[in-house]
Every structure is written in C-alpha cells, then in structure tokens.
Amino acid sequence: MNVLLTGGAGYIGTHTAVELLEAGHGVVVADSLVNSHEEALRRVERITGRAVAFHHADCTDPDALRRVLSEHEVDAVVHLAGLKAVGESVAQPLRYYRNNLDALLTLAEVMGEFGLRDLVFSSSATVYGDPGTVPIPESAGLESTNPYGTTKLFIEQILHDLAAADPSLRIVSLRYFNPIGAHPSGLIGEDPQGVPNNLFPYIAQVAAGRREYLGVFGDDYDTPDGTGVRDYLHVVDLARGHVAALDHLADSTGHRVYNLGTGRGTSVLECVRLFEEATGVHVPYRVTERRPGDIAVCYADPTAAGRDLAWKARLTVADACADAWRWQSANPRGFAGPPTGS
Ligand code: NAD
Ligand code: WQD
C-alpha cells in the first residue's frame with residue numbers, strides 16, 4: 001500500500017519509513033520540518049534504495065494536505081506529526097494545543113474529503129499519567145500531567161468519537177513507551193535540538209564528550225536501585241509496530257488502542273551500565289534532584305499488540321545502546337553536520 005507519513009522526517013518517522021519501504025510499501029512524507037531535516041529522508045533513501053516522496057507541508061494547512069493527496073494515490077495515513085517536548089508544552093501550552101490538535105483535526109477533515117478511512121496515530125504512555133499498577137494494560141485509567149499529554153488524550157478521544165460516528169473508519173492509536181536507539185546502519189537516529197530532554201540522547205552526548213556528566217534525577221524512588229524505571233523500546237521495533245498495525249487494520253473497524261513496549265522495566269543506573277558495556281565508553285554521572293513531574297515506574301503490558309497485531313519487541317536495550325552510539329559517533333552534529341569520514 002501507499003502510506004502518507006505525517007511527521008515522517010522525524011526520529012520515529014524516518015525509522016518507520018525504512019520499515020515500510022523494506023516491507024514493500026510506498027511512502028509519502030508530509031512534514032513542516034519544525035523539528036527535523038530533509039537530509040534524514042535522503043538517508044532513508046540510502047538505507048532502502050527506494051525513493052521517498054517528500055512534501056514540505058504543515059498538517060494544520062488543509063490546502064497543503066489537499067495538494068499532497070491530489071498528487072499521490074494514498075491508501076492509509078500514519079500520523080506522527082506533532083510537537084513532543086513535555087517541558088516546552090508546560091511553558092507554551094497554546095502552541096502545543098494549536099499545533100497538535102489542529103494538525104489532527106485538519107488531517108481528519110482532509111482524509112474525509114479524499115475518502116481515506118485508515119489511520120494509525122502516535123499516542124504515548126504519557127496518557128497513563130502516574131500508573132496505579134505495572135505492567136500497564138490498555139484498560140488502565142487515563143490522566144494527563146502536562147499539556148503535551150493532554151493533546152494525546154484529547155486526540156484519542158476525538159478519534160474515538162470519529163470512529164463512533166462513522167463505522168467505516170479503521171483507526172489505531174499506538175501508545176509508545178520509551179523509544180530509544182537508532183537504525184543499525186548508523187545513518188539515521190535521534191537528533192535533539194539543544195540540550196536533550198530524554199535519558200538516552202543525554203547519555204550519548206556525555207559519552208561523546210559534548211556534556212560533562214549525566215544528571216541522574218533522583219535515587220530515592222521506590223525501585224530496586226532508587227532510580228526511575230521505564231520501558232525502553234528499540235526504535236526499529238517501534239517502527240515495525242506501525243507496519244504491523246497497518247497490516248492488521250483490515251481485521252476490524254472502530255478505534256483500537258495498543259501499547260507498544262517490551263513489558264520490561266530498566267532503571268536509569270542499569271541504562272548507564274548497559275550503555276557502558278555495549279560501547280566500552282565510560283559515562284560519568286551525578287545523582288541530582290528529582291525532576292518535577294517524573295514518576296517512579298512505568299512499563300507496558302504489551303499482550304494485546306502481540307495477540308491482535310502479531311507484534312513483539314525483539315531487540316534489547318543493549319542493542320539500542322550499540323546502535324545509538326554508532327549513530328552518535330558517525331554524526332556528532334546530527335543531520336545538520338557532515339557525517340564523520342565524508
Ligand atoms: P520528532 O520531533 O522527531 O518528529 C515529529 C515530526 O513532526 C518532526 O519531523 C516535525 O517537524 C513534524 N511536525 C510537527 N508538527 C508538524 C505539523 N503541524 N505539520 C507537519 N509536521 C509537523 O518526534 P518523534 O520522537 O519522531 O515523535 C513522533 C510522534 O510520536 C509524535 O507525535 C510524538 O508525540 C509521538 N511520541 C514520541 C515519543 C518519543 O519519546 N519520541 C513517545 C511517545 C509518542
Ligand atoms: C527516563 C528516565 C528520568 C534524563 C518522556 C515523556 C513521555 C514520552 C517519552 C512522548 C526518568 C531519567 C532522564 C536525564 C535522568 N514522550 N533521566 N537524567 O520521562 O519516561 O518520558 O519521553 O510521548 O511523554 O515524558 O523519559 O527519557 O526523559 O526519562 O535521570 O538527563 O531517565 O528521571 O526516570 P520519560 P526520559
């Protein structure tokens with residue numbers, strides 16, 4: 001099938017494009033490049049030997065989306081476009097609500113105009129807030145703790161209402177846990193702007209000597225070593241989850257929701273150790289204050305995705321460490337700079 005990937009130039013989008021192309025699908029990307037570089041898509045083409053149709057388009061612009069869908073025969077949409085920085089969303093809530101909600105509403109309207117019924121949406125484990133129990137099933141209570149998370153909750157609700165109003169729609173929301181790592185080629189990976197918010201890009205930049213040490217945000221949580229525990233998922237496994245969701249869209253109608261996670265939790269200090277073992281590079285760290293809003297433990301119950309989508313994470317945190325380091329070492333300035341050796 002021919003798939004429109006909104007936000008396809010980003011971290012998860014480029015890896016999803018690779019897996020879709022390698023599964024024999026066609027890929028059309030619409031991205032505003034607000035947090036990405038077109039070069040990332042040229043790298044996708046290098047990895048796969050296949051062309052990607054790129055449109056510099058903002059999903060909040062209906063005419064731009066109409067132009068994309070007029071030019072290409074698209075069968076299904078994977079909607080990854082969105083702003084994703086939790087702290088930034090607290091400081092700029094209007095920007096997050098406007099961009100993330102408007103992009104979804106505009107896309108859904110234009111999909112309707114073109115008779116498109118199949119949609120996969122990037123949701124997040126953030127919709128569980130501070131979970132009561134782990135592993136977290138999809139039936140767990142939902143709560144939002146920041147405007148970014150609220151956009152994911154609102155969008156899931158909108159998709160639920162759309163599917164209830166039109167039974168011919170087939171919609172899947174994928175609740176990602178913590179994506180990490182990079183494509184094993186070292187050609188694409190996470191390319192954060194400024195100081196990284198997330199653990200793994202920070203570890204990689206400390207290892208590369210760009211930052212002095214990792215701040216470990218608290219070691220007094222109720223966890224085995226006192227540091228926060230998360231479900232870290234290799235981005236290539238996550239990308240494969242989108243292919244699986246598209247493959248199974250025809251199986252039922254309505255709006256369905258799946259966790260994409262490994263089902264295993266790893267602490268911050270375990271991540272540091274696994275990274276050091278996988279790369280042979282020392283990662284100095286200092287325990288600092290807890291980060292406001294952080295929770296102690298979060299990991300998925302991925303049973304439903306295994307049962308309905310025949311999807312299961314295959315790669316390990318150690319694999320992700322090795323792949324992230326290959327990407328970081330070969331591209332010290334991300335997509336903005338030349339790769340080392342070129
Ligand atoms: P990313 O920032 O690398 O990719 C998002 C892409 O969307 C970027 O290329 C950006 O330029 C584009 N974009 C943003 N607003 C747009 C708009 N209005 N129109 C067109 N393009 C727009 O982030 P990512 O990590 O690849 O995340 C992809 C999706 O997955 C996001 O919706 C994010 O909320 C969700 N998600 C990410 C994580 C994570 O930890 N990375 C976890 C859960 C969910
Ligand atoms: C992981 C662990 C930190 C950085 C965030 C979003 C979530 C989702 C994924 C989009 C925690 C600790 C981190 C550092 C540290 N994104 N840490 N030092 O917070 O689980 O989830 O990204 O949907 O919505 O909230 O991921 O990578 O920021 O943190 O000690 O410099 O690492 O305290 O325990 P998080 P993270």
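Numbering starts at 1 and runs along the sequence shown. Just so you know, ligand 1 is whichever comes first in the structure, and atom 1 is the first atom listed for that ligand.
- In summary, the side chains of Asp102 and Thr60 do not present any donor paired with an acceptor at a separation below 3.5 Å, with no hydrogens or angles considered.
- Close N/O approach between Tyr176 and ligand 1 is not found [any backbone or side-chain N/O within under 3.5 Å].
- If you check which protein heavy atom lies closest to atom 17 (C) of ligand 1, you get Asp58 OD1, 3.6 Å.
- Heavy atoms of Glu190 stay at 4.0 angstrom or farther from ligand 1.
- Nearest-heavy-atom check against atom 44 (C) of ligand 1 across Ser122, Cys59, Ser123 picks out Ser123.
- Inter-residue side-chain proximity for His242 and Leu20 is flagged as unmet; no heavy-atom pair is nearer than 4.5 Å.
- For the residue pair Tyr128 and Asn259, a side-chain donor N or O sits within less than 3.5 Å of a side-chain acceptor on the partner.
- At least one side-chain heavy atom of Leu107 sits less than 4.5 Å from a side-chain heavy atom of Thr6.
- A ring-centre distance under 6.0 Å is found for Phe200 and Tyr232.
- Counting heavy atoms from C-beta outward, Asp251 and Asp308 have side chains that stay 4.5 Å or more apart.
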Dump all N/O pairs between ligand 2 and the protein below 3.5 Å as a table: atom names plus distance, one pair per row.
from: ligand 2; atom 1: 18 (N); to: Gly215; atom 2: O; distance (Å): 2.7
from: ligand 2; atom 1: 19 (O); to: Arg291; atom 2: NH2; distance (Å): 2.9
from: ligand 2; atom 1: 20 (O); to: Asn178; atom 2: ND2; distance (Å): 3.0
from: ligand 2; atom 1: 20 (O); to: Arg230; atom 2: NE; distance (Å): 2.5
from: ligand 2; atom 1: 22 (O); to: Asn198; atom 2: ND2; distance (Å): 3.1
from: ligand 2; atom 1: 23 (O); to: Ser124; atom 2: OG; distance (Å): 2.7
from: ligand 2; atom 1: 23 (O); to: Tyr148; atom 2: OH; distance (Å): 2.6
from: ligand 2; atom 1: 26 (O); to: Asn178; atom 2: ND2; distance (Å): 3.2
from: ligand 2; atom 1: 27 (O); to: Asn198; atom 2: ND2; distance (Å): 3.4
from: ligand 2; atom 1: 27 (O); to: Leu199; atom 2: N; distance (Å): 2.8
from: ligand 2; atom 1: 28 (O); to: Asn197; atom 2: O; distance (Å): 3.4
from: ligand 2; atom 1: 28 (O); to: Asn198; atom 2: ND2; distance (Å): 3.1
from: ligand 2; atom 1: 28 (O); to: Arg291; atom 2: NH1; distance (Å): 3.3
from: ligand 2; atom 1: 28 (O); to: Arg291; atom 2: NH2; distance (Å): 2.8
from: ligand 2; atom 1: 29 (O); to: Arg291; atom 2: NH2; distance (Å): 3.3
from: ligand 2; atom 1: 30 (O); to: Gly215; atom 2: O; distance (Å): 3.4
from: ligand 2; atom 1: 30 (O); to: Phe217; atom 2: N; distance (Å): 2.9
from: ligand 2; atom 1: 33 (O); to: Asp294; atom 2: OD2; distance (Å): 2.5

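- Looking only at side-chain heavy atoms (C-beta outward), Trp327 and Asp191 come within less than 4.5 Å of each other.
- Looking only at protein heavy atoms, the nearest one to atom 3 (O) of ligand 1 is Tyr11 N, 2.8 Å.
- Not a single heavy atom of Ala125 sits less than 4.0 Å from an atom of ligand 1.
- Proximity to Gly7 (heavy-atom distance under 4.0 Å) selects the following atoms of ligand 1: 6 (C), 7 (O), 12 (C).
- For atom 2 (O) of ligand 1, the candidate residues are Leu83, Leu233, Asn35; the nearest heavy-atom contact is made by Asn35.
- Looking at Asp61, Val34, Leu80, it is Leu80 that brings a heavy atom closest to atom 31 (C) of ligand 1.
- Scanning all protein heavy atoms for the shortest distance to atom 25 (O) of ligand 1 gives Lys84 NZ, 2.8 Å.
- For atom 42 (C) of ligand 1, the nearest non-hydrogen atom from the set Pro179, Ala64, Ala85 belongs to Pro179.
- Ion pair Arg175/Glu138 not flagged as a salt bridge, since none of the NZ, NE, NH1 or NH2 atoms sits closer than 4.0 Å to an Asp/Glu carboxylate oxygen.
- Here the protein heavy atom with the shortest distance to atom 10 (C) of ligand 1 is Asp31 OD1, 3.4 Å.
- The distance from ligand 1 to the heavy atoms of Leu33 drops below 4.0 Å at these ligand atoms: 11 (O).
- For Arg273 and Glu277, the salt-bridge test passes: some basic side-chain N is under 4.0 Å from an acidic carboxylate O.
- A salt bridge does not link Glu38 to Arg43: none of the charged side-chain nitrogens sits closer than 4.0 Å to a carboxylate oxygen.
- Ranking protein heavy atoms by distance to atom 5 (C) of ligand 1, first place goes to Gly82 O, 3.8 Å.
- Screening Ile47, Val3, Val52 against Leu21 for a side chain to side chain contact (heavy atoms under 4.5 Å, CB included) leaves a single residue, Val52.
- Around atom 18 (N) of ligand 1, the closest heavy atom drawn from Asn198, Asn99, Thr60 belongs to Asn99.
- At a threshold of 4.0 Å, the pair Arg95-Glu88 counts as salt-bridged, since one of the basic side-chain nitrogens sits closer than that to a carboxylate oxygen.
- A salt bridge between Asp294 and Arg290 is absent, with no side-chain N of the basic residue lying under 4.0 Å from a carboxylate O of the acidic one.
- Salt bridge absent: Glu39 and Arg42 never bring a charged side-chain N and a carboxylate O closer than 4.0 Å.
- Salt-bridge check for Asp237 with Arg314: failed, with every basic side-chain N at 4.0 Å or more from each acidic carboxylate O.
- Among all non-hydrogen protein atoms, the one lying nearest atom 16 (C) of ligand 1 is Ser32 OG, 3.5 Å.
- Here the protein heavy atom with the shortest distance to atom 37 (C) of ligand 1 is Ile12 CD1, 3.7 Å.
- When only non-hydrogen protein atoms are considered, atom 34 (O) of ligand 1 lies nearest to Tyr148 OH, 2.6 Å.
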